[in-house]
Number of protein chains: 2
Amino acid sequence: MTKKTTIYDIAEKLGITAATVSRALNGNPKISEATRQLVSDTAKEMNYEQNKLALALKSGKSYNVGVIVPRIDSNFFASVIRGIEEELYPKGYHVIICQTHDQKSLEIENINSLLNAQVDGILMSISNSGPEENQSFDRLIKKNVPLIFFDRKKEIEGVSSVTIDDFKGGYQATQHLIDQGCRRIAHLSNNRKIEIFKNRYLGYKQAIIDNGLEFDESLVIETTSRVAEGSKSTKVLLDMETPPDAIFSSSDFVALGAIQEIKSRGLKIPEDICVVGFANEPFTRFMELSITSVDQSPVEMGRIAAQVFMEEVNKSKKIKTQKQVVLTPELMIRKSSLKSEVIAH
Amino acid sequence: MTKKTTIYDIAEKLGITAATVSRALNGNPKISEATRQLVSDTAKEMNYEQNKLALALKSGKSYNVGVIVPRIDSNFFASVIRGIEEELYPKGYHVIICQTHDQKSLEIENINSLLNAQVDGILMSISNSGPEENQSFDRLIKKNVPLIFFDRKKEIEGVSSVTIDDFKGGYQATQHLIDQGCRRIAHLSNNRKIEIFKNRYLGYKQAIIDNGLEFDESLVIETTSRVAEGSKSTKVLLDMETPPDAIFSSSDFVALGAIQEIKSRGLKIPEDICVVGFANEPFTRFMELSITSVDQSPVEMGRIAAQVFMEEVNKSKKIKTQKQVVLTPELMIRKSSLKSEVIAH
DNA sequence: CTGTTAGCGCTTTCAT
DNA sequence: ATGAAAGCGCTAACAG
């Protein structure tokens with residue numbers, strides 16, 4: 001790389017001191033307008049650019065925040081990240097994105113790498129699989145690096161989170177199916193050790209009970225969030241003695257797999273069986289048979305997570321508060337579950 | 001943040017000097033095995049962690065590379081990024097991902113921010129819209145920061161690139177349609193100022209000419225890569241006096257829009273009209289009417305881009321070479337274009 | 001209003 | 001084999 005201009009170069013050229021240059025550049029009030037002009041002109045002229053690394057070393061702040069997600073190629077996470085960026089970029093922060101591919105080991109590695117890179121905070125959605133492990137979180141908390149969970153959180157004292165009301169989402173989806181006349185509603189659930197999936201399940205269960213229907217545990221199957229898994233689990237459901245007349249899935253991808261399996265058997269959607277997914281991925285809207293799903297306002301979620309982060313950064317280090325923001329989900333009703341005439345959206 | 005342990009703390013505790021600690025930790029050969037052990041033990045004991053920022057300031061290397069893409073919520077870009085990560089993580093590099101949302105202004109901002117963050121290099125896929133502007137690239141090149149283009153490149157002297165043979169991709173797709181008996185093949189093209197789209201178009205054109213068909217410029221429509229745009233352009237095509245019997249789109253999303261429009265008119269795919277997309281996004285496989293598309297081996301592309309970057313980093317600064325890697329595309333034939341019996345894949 | 005000085009944490013000659 | 005000291009580029013406390 002070409003030799004970079006430093007404040008010393010400017011100082012030398014102007015016969016003043018580096019400190020003055022620094023102050024002038026930073027708009028320190030006790031610098032004469034004359035020198036300020038002079039300095040900033042020469043800086044421009046010499047193509048000066050502040051070395052953020054030096055600043056970071058000095059101030060202990062890197063102006064980088066880490067964002068850890070299971071994967072980036074889902075619209076949901078990509079949108080959350082977009083929200084975070086929109087909020088943080090104008091404030092001079094940079095976003096380092098890491099993927100865990102749903103592996104705990106990678107999650108730990110990522111946290112450590114980000115910590116090494118001296119990030120000022122970490123916003124994350126925890127991963128599914130792998131052994132429970134809290135060491136890296138402990139390290140984070142001990143170092144007092146702000147940690148914010150979004151969507152997939154973990155109950156940790158003093159750690160803030162931004163989530164949606166998954167219970168409500170599950171409840172709404174199930175209620176909708178019941179309203180459509182479905183009576184035997186199955187649930188394809190992701191790993192229920194993760195809170196969001198547990199809550200969607202609980203909402204589903206509660207809706208069934210509240211409506212006086214029979215809750216049948218055998219209609220609940222746990223899957224990963226892959227399309228193929230959705231088909232596989234649906235096979236099991238359809239092979240039951242009394243198969244379900246509706247499926248509520250905690251994932252759009254799994255719902256897609258379910259639909260494929262249902263269709264391959266010549267069953268009709270929504271006439272024979274209704275399907276509802278979760279996350280409102282774009283493809284749910286684009287399919288010829290559009291899929292009913294629960295929207296989680298991901299961009300909003302990202303923005304709020306970023307705001308919470310900013311609050312923690314600016315907070316006096318002593319006060320430890322824990323903020324829990326909960327957004328309201330919205331059911332997007334589409335063809336896959338609408339037996340009546342009009343199609344919404 | 002809690003006070004961090006530095007090599008000075010270790011030195012003090014051991015009654016030696018920071019330099020020795022540094023050397024011991026870095027495996028400098030002229031350190032006795034005894035002290036090396038001692039130092040590394042105490043380091044562990046005191047929870048020492050190297051401050052990468054200081055290292056970066058000292059060495060002038062940040063071990064961060066920037067990756068700039070139009071957006072991350074497309075499987076293609078997400079996969080390229082995955083390839084880059086796989087290659088770079090083990091080498092101790094971090095990846096900072098930035099999105100331009102296809103706006104030149106954001107592209108420029110991103111380049112500047114990354115430069116400020118002292119990244120060791122930038123891997124990028126350029127954006128579509130906005131005024132042509134080369135200043136930020138110039139700045140990059142002047143600073144001698146390695147720049148690698150992948151997929152969407154720009155012809156700049158001394159800048160390496162990794163792309164696929166888009167001409168071939170376009171040619172193959174079109175040839176396939178001709179082989180299926182199509183004679184009037186339309187092309188929905190993205191902005192042809194971008195090389196990849198120009199080349200797909202040229203491949204398409206050449207295949208038509210080589211097969212002795214008439215090339216009709218009015219069958220070529222330029223769109224953005226949004227689904228809705230695909231429908232809109234297809235409307236125009238289908239309203240023509242002699243509508244096409246096939247559509248080759250330079251984007252899967254546009255192909256999806258085309259399919260929606262075609263179906264809404266009661267036309268049959270592939271019987272009445274065949275459709276081929278480009279990029280092999282997962283949804284092309286998942287649709288009930290699976291979409292034929294051109295695969296670009298994105299993970300591979302990312303890996304190679306990262307390798308090229310590593311070469312440039314290690315290269316003696318004086319020698320300027322320009323490497324152009326071109327990958328071969330693969331046509332994935334699916335239902336949307338297969339009139340005969342067997343369905344591949 | 002501006003200069004002096006020290007220090008952020010680390011590496012790296014140059015000595016010894 | 002280890003210590004001393006300088007320096008990466010910047011800011012901030014203390015002088016004046």
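Source: prediction; values computed, not measured. Below, each value reflects all heavy atoms present in this structure, side chains not excepted, and no hydrogens, waters or symmetry copies.
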When you check the phosphate oxygens OP1 and OP2 of D:dT11, does a side-chain N or O of A:Q50 lie under 4.0 Å from one of them? yes

Any salt bridge linking A:E300 with A:R303? Criterion: basic side-chain nitrogen under 4.0 Å from a carboxylate oxygen. no

Phosphate-side-chain proximity, A:N26 and D:dT11, N/O vs OP1/OP2 below 4.0 Å: yes

Closest to the A:A54 side chain, choosing from D:dG9, D:dT2, C:dC10: D:dG9

Determine whether a donor-acceptor pair (one donor, one acceptor, N or O, separation below 3.5 Å) exists between the side chain of B:K58 and the base of D:dG7. yes

Using a cut-off of less than 4.0 Å, is there contact between a side-chain N or O of B:T17 and OP1 or OP2 of D:dT2? no

Could you give the CD-to-C1' distance, from A:Q118 to C:dG9, as a whole number of Å? 10 Å

Whole-Å distance separating the CG atom of B:N47 from the C1' atom of C:dG9: 17 Å

If you pin B:N28 and B:S59 to their nearest nucleotides in DNA chain D, which one's is more 5'? B:N28

Atom pair distance, as rounded to whole Å: CD1 in B:I7 and P in D:dA4: 14 Å

With respect to the phosphate group of C:dT2, does any side-chain polar atom (N or O) of A:S32 fall under 4.0 Å of OP1 or OP2? yes

Point-to-point distance, once rounded to the nearest 0.5 Å, from CD of A:E49 to OG1 of A:T5: 8.0 Å

At 4.0 Å (heavy atoms only), tell me whether A:I16 reaches a base, stays on the sugar-phosphate, or touches nothing. sugar-phosphate

Do the side chains of A:R152 and A:D102 get close enough for a salt bridge, i.e. N-O under 4.0 angstrom? yes

Would you kindly give the NZ-to-C1' distance between B:K52 and C:dC8, to the nearest whole Å? 18 Å

Check: B:R23 side chain, C:dT13 base, donor-acceptor under 3.5 Å: yes

The dot-bracket string of DNA chain D, counting Watson-Crick and G-U wobble pairs with both distances under 3.5 Å, using [ ] for crossing pairs and | for pairs to another strand, is ||||||||||||||||

May I ask you to decide if the ring planes of A:Y63 and A:Y93 are parallel, tilted or perpendicular, using 30° and 60° as cut-offs? tilted

Tell me whether the side-chain N/O atoms of B:Y8 come closer than 4.0 Å to OP1 or OP2 in C:dT11. no

Quick one: A:E49 CD to D:dC10 P, roughly how many Å, whole number? 11 Å

Charged N-O contact under 4.0 Å between A:K104 and A:E109: no

From B:I126 CD1 over to B:K153 NZ, what is the distance, rounded to the nearest 0.5 angstrom? 10.0 Å

Is the shortest distance from a Lys or Arg side-chain nitrogen in B:E195 or B:K154 to a carboxylate oxygen in the other one below 4.0 Å? no

Ranking A:A19 and B:L57 by the position along DNA chain D of their nearest nucleotide, the one closer to 5' is B:L57

Short side-chain N/O contact from B:S22 to OP1 or OP2 of C:dT11, under 4.0 Å: yes

Return the value, rounded to whole Å, for the distance between atom CG of A:L55 and atom C1' of D:dG9. 9 Å

Length of the line joining B:K30:NZ and D:dG3:P, which is rounded to integer Å: 14 Å

Are B:F149 and B:F137, when compared by the centres of their aromatic rings, separated by less than 6.0 Å? yes

Whole angstroms only, please: what is the OH-P distance between A:Y63 and D:dT11? 11 Å

